[in-house]
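Here the structure is laid out as structure tokens; the discussion comes afterwards.
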Amino acid sequence: MPMDERYEPSKIEPYWQAEWDRAELYDTREDRARPKFYVLEMFPYPSGDGLSVGHLHNYVPCDVIGRYKRMAGYNVLHAMGWDAFGLPAENDALLKGRHPKETVPRYAANFKRQLKLVGCAYDWKREINSSTPEYYRWTQWFFLLLHQRGLAYRATGSQWWCEKCRTILANEQVVNGCCWRHTDTQATKKDLEQWFFKITEYADRLLDDLEGIDWPEPIKLMQRNWVGRSEGAELAFPVVGHPGKEVRFFTTRPDTVFGVSFMVLAPEHPLVAEIATAAQRSAIEEYVTAARRQSEIERLSTVKEKTGVFTGAHARNPFNGKQIPIWIADYVLMGYGTGAIMGAPGEDQRDFEFAGKYGLEIPVVTAPADGSAAPADGSAAPAGRAFADYGVNINSSNSELDLNGMKTADAIRAVCKYAGEHELGRPTVSYRMRDWLISRQRYWGCPIPIVYCPRDGIVPVPEAQLPVVLPDMTNYQPSGTGRSPLANAPEFVNTTCPRCGGPAQRETDTLDGFACSSWYFLRFASPHYDRAPFERAMADYWLPVDLYVGGAEHAVMHLLYARMWTKVMFDAGLVKFKEPFAVLRNQGMIWAADGQKMSKSKGNVVTPDAMVEKYGADALRLWELFMGPFEEPTNWNEEGVVGTARYLSRVWNAMRRFVEAGGPAGNPTAETTRRAHKTIQTVTDHIERLRFNTALATLMDQLNYLMKLSPEQAGRFAFESYAVMLAPLAPHLAEELWRALGHTTSVHLEPWPKFSKELARDEMVTVVVQVNGKVRDRLQVAAGATAEANTALALASESVQRHLDGKPPKKIVYVADKLVSIVA
RNA sequence: GCCGGGGUGGCGAAAUGGCAGACGCAGAGGACUUAAAAUCCUCUGGAGCGCAAGCUCCGUGCGGGUUCGAGUCCCGCCCCCGGCACCA
């Protein structure tokens, strides 16, 4: 078929997109003779702004992998869906006065149109939307599963609250301690009964199973730090004058127990009210109120000076009988450990600062193990800071226990043993991670399938009655009471108890959006199955995900929650894998040309629509791939698209010249054949390793080479394999080239080209000759030449002789086919 | 403050411890054209030497080190980006 004189993407791209749809080219096939490959990108929230070229830096590379794997012989599952519940949609709805039920599908349709516009190949028959009853029915089902397994419970949690909005605020809606809409109104905390998932029960497994998955190390590290496992001891000191009352606390350094000079309780600690003396009461109350106004990040800031208030009460350290003051301070959090600590200022920098500020004693009980700079006995800490490292105990003994001279690790064991024998405490593991608060006082979310019955209490909605449908409210403004807008829908709230049939009320909170995204990867395996969240056989076949791609901003929460749910499913016998994502990669963020985040308000958004119109979808795709390493962030630069568009034009012209010459088998030289095979080898390797930028550079290089040859010299193999390799990268142009080469089937059904290692091997190599570390000559020699031969050639070089200047070589380093390094 | 990732031409970037700057953008010169666009060819890190082919020196944030050889490994700094957690 003859080719047009010029490459005009606007003529060919819509044609092939329609053709692929018609041929159902990207429908998932389940050919059991082929291995499966499940590639997935984190499903997006379909915003009204549509996709930017920044988003495509995730979708285009995944599309390339999906297309490549299909050609390489895999059954590929690659589908797309919408994470459509949540705060952004609800805010957008309140702002524009349009119901999310109407806007979400419209926005999603726009995303879909844009993805099709750039030629991304998804199996759209598997499209899912987390805000549809067909989907969230099963999110509710999972809630019931967790509830049934004792992993969902109710407890008090505090939430930010704005007195003017009369509504709950998300963390991100609190700016400088005030409401985002009312910058003059201090946000306060409101206590509410809410639902939690017991993710802490999975803490150790979430840590241990990181070992077996291929994820970026920084992400694994962030997860480990988030879980924050630490080993230590839980001890208890009795409160003086309050028989039966004690301060229980966790410490990682029980060895420093002889150096405790005070205790600190979190301001919220229940013991505070009981033990505070009358004289201190008002100061305490004032401090507690102030502490509750701060965000956690503020409270935990290291740059801020430590503050606290004395309760007036004392505790007795049972290890040495000392009476020590009990304080409260905001640097101790109720949510970690037991909400209390022992103050060992000689060995903990925070305690050191606190003791310094309030004139508390600073005993020293640990000395450096090497004996250097051993602090003087007594109360003065050395060098103006705590000695927090492990060392050797000093000043640490009572009549039964003598730690002096013991190394820290041994002293820890000794204290734990002693504490156990005297019922003072026990070794404990503590975690930084807290349980997952899943209640949201919002309208646009998945209703929690729970009913409150005056007779039967908390009753889960039976599975057969799912879904609990989100009512179609016209007024989803905040309720003003702190409850979700659903509380304003009596037809929703008022129901009958599933157990006794009597009048009852529905739970009005909705589920955290992270619940929807904790299982969606399973839904794609059987998206229309209506008897369970997924069809077992399909899940067994497709899961786990072979390549999961998304931004590093989801390093912790989403990925941790999805991992936890998967483990719950495993425990329930629903799936046979423990980890949902075998391989994870993070694409680099694309900033706008001005280095800022692309956003409509900044007016720096570049849309795929504009780029496709100007340069074509293939050119845009190629620039997304070529602009830099896939995992590195970079700034958008439109001028680069000119380059990839020009490259595609050159491909077109080269192919046209070849086809017009009759597409000859030709008689390529060994070198030309070698280059063709080596190109396949390199491109294959680089795509496998997600190094799309260098894969493309290799193809550009090869094109430059082919253009210097006549069609006869280049030969058919070079051009055919070239067109096939272009298929995942520039899918529209590749179809056109393939057809021009005389084929009648889609290039996307072709097998990935094979190369011969034998033929790809270099015949001639450049051996670099160095004298004293500087390059002085280059030898063009046959690959595999002997060390003797190459060394002799190197020494014979005129330039080498000149730089040796008559001196005899002292040493010669030889690297086969690479280098002769002469040291004179 | 802590943790993680970076710093290479005018720009985006290449480079298993072995030729620094592949590939592209921008720029300069030339060919084609009445002209322009498009396309094609040549040059393009800095300094110096040479009529010339070419040659020499310097150069991967800064300062040290290891090595025959360092953009790459080690130690100490500076700057930028991301994340967050004073976690007892």
Side-chain angles (χ1 to χ4, degrees), chain A residues 5-6 216-222 224-226 228-230 232-233 249-253 256 264 266 296-297 299-304 306 329-333 335-344 347-351 353-354 430-434 551-553 555-556 586 588-589 591 595 622-623 626-629 631-644 646-647 649-650 653 691 693-704 707 766-778 799 802 809-815 817-824:
Chain A
E5 196 172 321
R6 285 176 59 168
E217 264 323 304
I219 303 285
K220 287 190 184 184
L221 192 58
M222 282 192 245
R224 284 191 194 104
N225 292 343
W226 186 268
R229 183 191 149 99
S230 52
F249 59 91
F250 175 74
T251 175
T252 54
R253 292 291 300 276
T256 62
V264 185
E296 209 153 280
I297 288 177
R299 274 177 69 164
L300 303 184
S301 162
T302 32
V303 288
K304 195 189 72 176
K306 303 258 176 305
D330 60 8
Y331 78 95
V332 175
L333 301 176
Y336 184 76
T338 62
I341 61 159
M342 64 178 203
E347 286 73 32
D348 184 286
Q349 185 60 24
R350 295 155 298 174
D351 298 345
E353 287 167 23
F354 191 77
S430 188
Y431 300 92
R432 192 200 75 102
M433 180 173 67
R434 299 167 216 164
E553 67 272 18
V556 180
N586 300 119
M589 178 98 182
W591 306 100
L622 257 46
W623 179 238
F626 189 63
M627 59 194 295
E631 304 196 56
E632 295 294 327
T634 191
N635 291 0
W636 177 254
N637 169 13
E638 185 180 325
E639 283 166 351
V641 196
V642 175
T644 52
R646 198 177 291 161
Y647 159 71
S649 232
R650 285 208 306 275
N653 295 338
R691 300 176 62 152
N693 55 331
T694 51
L696 251 172
T698 305
L699 283 168
M700 289 175 173
D701 213 16
Q702 170 70 350
L703 180 72
N704 292 344
M707 281 177 35
T766 303
V767 171
V768 171
V769 185
Q770 297 182 345
V771 178
N772 291 333
K774 294 201 172 185
V775 178
R776 296 304 180 186
D777 204 356
R778 300 179 175 94
S799 163
R802 191 153 33 94
K810 273 190 237 155
K811 181 177 171 185
I812 296 179
V813 178
Y814 181 76
V815 181
D817 290 342
K818 282 261 170 72
L819 171 99
V820 180
S821 181
I822 301 163
V823 188

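Lettering of chains follows the sequences in order, A, B, ..., and the numbering in each one begins at 1.
Under the 3.5 Å distance criterion, with hydrogens and angles disregarded, no donor-acceptor pair is assigned to the side chains of A/Asn704 and A/Tyr647.
Minimum interatomic distance between A/Thr694 and A/Arg691 (heavy atoms only, all atoms of both residues): OG1-O, 3.1 Å. The shortest non-hydrogen separation linking A/Asn693 to A/Pro629 is ND2-N, 3.6 Å. Shortest non-hydrogen contact noted between A/Gly337 and A/Ser430 is CA-OG, 4.0 Å.
The CD-P distance, from A/Glu631 to B/A13, rounds to 14 Å in whole Å. Atom CZ of A/Arg802 and atom C1' of B/C55 are 7 Å apart (whole Å). Here B/G10 presents its P atom at 16 Å from CG of A/Asn637, a figure rounded to the nearest Å. Remark: P of B/C2 and CD of A/Gln349 are 11 Å apart, rounded to the nearest angstrom. Atoms CG (A/Asp777) and P (B/C55) sit 9 Å apart, rounded to a whole Å. Rounded to an integer number of Å, the gap from A/Asn653 CG to B/C32 P is 20 Å. Whole-Å rounding puts the A/Leu221 CG to B/G5 C1' distance at 12 Å. B/G7 atom P lies 7 Å from atom CD of A/Glu632, rounded to whole Å.
Among the atoms of the strands shown, only primed sugar atoms or phosphate atoms (P, OP1, OP2) are found under 4.0 Å from some heavy atom of A/Ser230. Residue-level contact check: A/Asp348 touches neither bases nor backbone, having no heavy atom under 4.0 Å from any strand. Among the protein residues, A/Gly228 comes within range of no part of the nucleic acid, since none of its heavy atoms lies under 4.0 Å from any strand. When heavy atoms are screened at a 4.0 angstrom cut-off, A/Thr251 is found touching the sugar-phosphate backbone but no base atom. At the heavy-atom level, A/Arg229 lies nowhere under 4.0 Å from the strands shown.
Using the Watson-Crick or G-U wobble rule with both distances under 3.5 Å, B/A47 pairs with B/U56. A 3.5 Å limit on both hydrogen-bonding distances identifies no Watson-Crick or G-U partner for B/A20.
Closest to the A/Pro629 side chain, of the nucleotides B/A14, B/G18, B/G12, is B/A14. Comparing atom distances between the A/Arg650 side chain and each of B/C40, B/C87, B/C23 picks out B/C40 as nearest. Closest to the side chain of A/Val823, from the set B/C68, B/C19, B/A88, is B/C68. Side-chain proximity of A/Thr634 to B/A13, B/C87, B/G18: nearest is B/A13. You'll find that the side chain of A/Val642 is closest to B/A26, out of B/C23, B/A26, B/C55. Picking from B/A14, B/C25, B/G12 the nucleotide with the shortest atom distance to the side chain of A/Glu639 gives B/C25. Distances were taken from every side-chain heavy atom of A/Lys811 (C-beta onward) to each of B/G24, B/A88, B/C68; the shortest belongs to B/C68. Set against B/G83, B/A13, B/A26, the side chain of A/Asn693 has B/A13 as its closest nucleotide. Side chain of A/Arg432, nearest nucleotide from B/C57, B/G12, B/C87: B/C87. When each of B/U16, B/C87, B/C57 is scored by its nearest atom to the side-chain atoms of A/Lys818, the top-ranked nucleotide is B/U16.
Put simply, the side chain of A/Trp623 never gets that close to the backbone of A/Glu639: no donor and acceptor are under 3.5 Å apart.
Nearer to the 5' terminus of RNA chain B, by closest-nucleotide assignment, is the contact made by A/Thr694 (compared with the other of A/Thr694 and A/Gly335). Taking the nucleotide of RNA chain B with the nearest heavy atom to each of A/Met707 and A/Gly628, the more 5' of the two is matched to A/Gly628.
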Derivation and outcome, side chain to side chain contact (heavy atoms under 4.5 Å, CB included), residues A/Asp351 and A/Ile341: CA-CA 10 Å; A/Asp351 298 345; A/Ile341 61 159; 3.5 Å; yes
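Counting distance only, with no hydrogens placed and no angle test, the side-chain atoms of A/Lys774 and the base atoms of B/U56 include no donor-acceptor pair under 3.5 Å.
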